[in-house]
Amino acid sequence: MSLDATGTGFDLRGRVALITGAGSAGGIGFATAELLGSLGARVKVASTTDRIEDRVAELTATGIEAQGFAGDLVDPEAARALVEDTFSAFGRLDVLVNNAGMTSVSDPESPATVESITDEQWTAALDRNLRTALNLMRQVLPLMKEAGFGRVVNVASTSGPVSAYPGDAAYHAAKAGMLGLTRAAAIEVAHCGITVNAVAPGWIETPSSTAGEITKGLATPAGRPGRPEEVAASVASLALPASSYITGQLVVVDGGNAIAEERQAPAESPGAETPQAPS
C-alpha cells in the first residue's frame, strides 16, 4: 500500500487536492475542500466566478494552505490552465475531486423531459455535468501516472446511476455518464497506482435547495436531507492513500433512500408534496 508521510495512509499531509465546483460556501465542493484541508492537504479550489476567492480566504483563515481559480471548465483550455496553475504552485497533484455541475438544464418550473428537451438544453447538461470531468481527467491523469499515485473522485448523483425523477432527462443522462466515465478510467489506470471512484449524493440540503427538495429529504428513511459535510466524508475516504484497492465504485450517500421500497410523506408535514425519487 502506498502510505503517506505518517506511515498510516489515513491522512493527506504532503498531498495536494484539486476540488472543482467549490464556489458556494454551503455546497459539497467547499465542504470537501475544508475536510481534505483539515486532513493535511494543500488545496486548489475552482468555480466559475471570482467568489472562489472568498472561499480561499475562509480556508486560509482556518490554517489550510489554499489557492483559487475562476474559469469555465467546459472549455478544455480553462481545464488545462487550472491544472497547470495547480502543479506550478504546489509541485504535485494527488487528488482530483470533480464536483462541478448543475442540477437542472433549465428553470425548475420548466421541465425538460425526453420529449421536450431542446438540443441546447441537452448539450448544456452534458457539458456542465460530464465534459468538465473529462476535461480535468485528461489533464490530471498523465501527472498521476508519472507520480505513480492518484485519487480521482467524481461527484455524480443518485439521479441517473441509481434512480430517476421526471423532468430532467439530460441531467440524469449526464450523471449516468459520469459513472461510466469513472469505471472506464478506473480500469485504464488501476495498474498505475491510481484509483477512480464516484460518489452519488441523494437529497442534500444546500443553499440552492428548493422547498420541495427539502421535503423529499424528510421522506428518506433517515428522516432528513443530507448535509454537504456528509458527502465530503465519503469523498475524503476515497481520497486517502489507504483506499488503494477501491476503484471503479459508486458510493451512494442518500440516507437509505435508494433502497427503501415503502414511501410515505413525513407525519410532521401533512401538506407536503408526494416524495419522488432522489436527485
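- Within the 4.5 Å cutoff, the side chain of V231 has heavy atoms near those of the I204 side chain.
- Counting heavy atoms from C-beta on, the side chains of N98 and V153 never come closer than 4.5 Å.
- Shown here for A185 and M137, the closest heavy-atom pair between the two residues is CB-CE, 3.5 Å.
- At a threshold of 4.5 Å between side-chain heavy atoms, the hydrophobic network of Ile, Leu, Val, Met, Phe, Trp and Tyr places L136 and L143 in one connected group.
- Between the CG atom in L82 and the CD atom in E77 there is a gap of 12.5 Å [rounded to 0.5 Å].
- The backbone N or O of D119 lies less than 3.5 Å from a partner atom in the side chain of T123, making a donor-acceptor pair.
- At a threshold of 4.5 Å between side-chain heavy atoms, the hydrophobic network of Ile, Leu, Val, Met, Phe, Trp and Tyr places L39 and V199 in one connected group.
- Within the 4.5 Å cutoff, the side chain of K216 has no heavy atoms near those of the L218 side chain.
- Rounding to the nearest 0.5 Å places CG of N257 at 7.5 Å from OG1 of T158.
- At least one side-chain heavy atom of V155 sits under 4.5 Å from a side-chain heavy atom of V97.
- W122 contributes atom CH2, which lies 12.0 Å from atom CG of D127 (distance to the nearest 0.5 angstrom).
- Within the 3.5 Å criterion, the main-chain N or O of A57 finds no donor-acceptor partner in the side chain of T60.
- Taking each heavy atom of V45 and A33 in turn, the nearest pair found is CG1-CB, 3.6 Å.
- Sparse packing is recorded around CD of E146, with 12 or fewer heavy atoms of other residues, nucleotides or ligands lying under 6.0 Å away.
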Kindly determine whether T20 and L73 satisfy side chain to side chain contact (heavy atoms under 4.5 Å, CB included), including the steps that lead there.
CA-CA 9 Å; T20 68; L73 299 176; 3.6 Å; yes
Full working for side chain to side chain contact (heavy atoms under 4.5 Å, CB included) between W203 and D254:
CA-CA 6 Å; W203 299 114; D254 73 343; over 6 Å; no
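- Remark: side-chain polar atoms of E230 are paired, donor with acceptor, to backbone N or O of R227 under 3.5 angstrom.
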Give the C-alpha distance, both sets of side-chain angles, the deciding distance and a yes or no for side chain to side chain contact (heavy atoms under 4.5 Å, CB included) between R51 and S24.
CA-CA 8 Å; R51 67 175 176 168; S24 170; 4.1 Å; yes
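- For the atom pair OG (S157) and CG (D168), the distance works out to 10.0 Å, reported to the nearest 0.5 Å.
- One hydrophobic cluster, built from ILVMFWY side chains closer than 4.5 Å, cannot hold both L181 and V74; they sit in different ones.
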Verdict with supporting geometry, T182 and L250, side chain to side chain contact (heavy atoms under 4.5 Å, CB included):
CA-CA 9 Å; T182 296; L250 178 70; over 6 Å; no
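- S243 places a side-chain N or O within donor-acceptor distance of the main-chain N or O of S237, the cut-off being under 3.5 Å.
- Nearest approach of P241 to R151, heavy atoms of both residues: O-NH2, 2.9 Å.
- With hydrogens and angles ignored, the 3.5 Å screen pairs a side-chain donor or acceptor of N197 with a backbone N or O of Q249.
- Minimum heavy-atom separation, L130 to A174: CD1-O, 4.0 Å.
- Pairing each heavy atom of M144 with each of G150, the nearest pair is SD-CA, 3.5 Å.
- The backbone N or O of A112 sits nowhere less than 3.5 Å from a side-chain atom of S116 that would complete a donor-acceptor pair.
- Side-chain contact between L238 and V251: present, with at least one pair of heavy atoms (C-beta onward) separated by less than 4.5 Å.
- Within the 3.5 Å criterion, the main-chain N or O of G21 finds a donor-acceptor partner in the side chain of N99.
- Stacking of R15 on the aromatic ring of F149 is recorded, both the 6.0 Å distance cut-off and the 45° axial limit being met.
- With contacts defined as side-chain heavy-atom distances shorter than 4.5 Å, the pair L36/I19 qualifies.
- At least one donor-acceptor pair closer than 3.5 Å links the side chain of D94 to the backbone N or O of V16.
- The cluster map of Ile, Leu, Val, Met, Phe, Trp and Tyr, joined by side-chain heavy atoms under 4.5 Å apart, puts L59 and L96 in different clusters.
- S159 has its side chain out of reach of K175: every pair of non-hydrogen atoms, C-beta onward, lies at least 4.5 Å apart.
- One finds the CZ atom of R80 at 9.0 Å from the CG atom of D85 (value rounded to the nearest 0.5 Å).
- Note: the hydrophobic cluster containing M178 also contains V189 (ILVMFWY, side chain heavy atoms under 4.5 Å, direct or indirect links).
- The residues K44 and E65 are annotated as not salt-bridged, no charged nitrogen and carboxylate oxygen being separated by less than 4.0 angstrom.
- Taking the ring axis of F90 as reference, the NZ or CZ atom of R42 does not stay both within 45° of it and closer than 6.0 Å to the ring centre.
- Summarising the local packing, CZ of R131 is surrounded by 12 or fewer heavy atoms from other residues, nucleotides or ligands at distances under 6.0 Å.
- Residues V196 and I187 are not in side-chain contact: their nearest non-hydrogen atoms beyond the backbone lie 4.5 Å or more apart.
- Atom CD in E205 sits 10.0 Å away from atom CD in E213 (nearest 0.5 Å).
- Smallest separation of non-hydrogen atoms from T113 and G167: CG2-CA, 4.1 Å.
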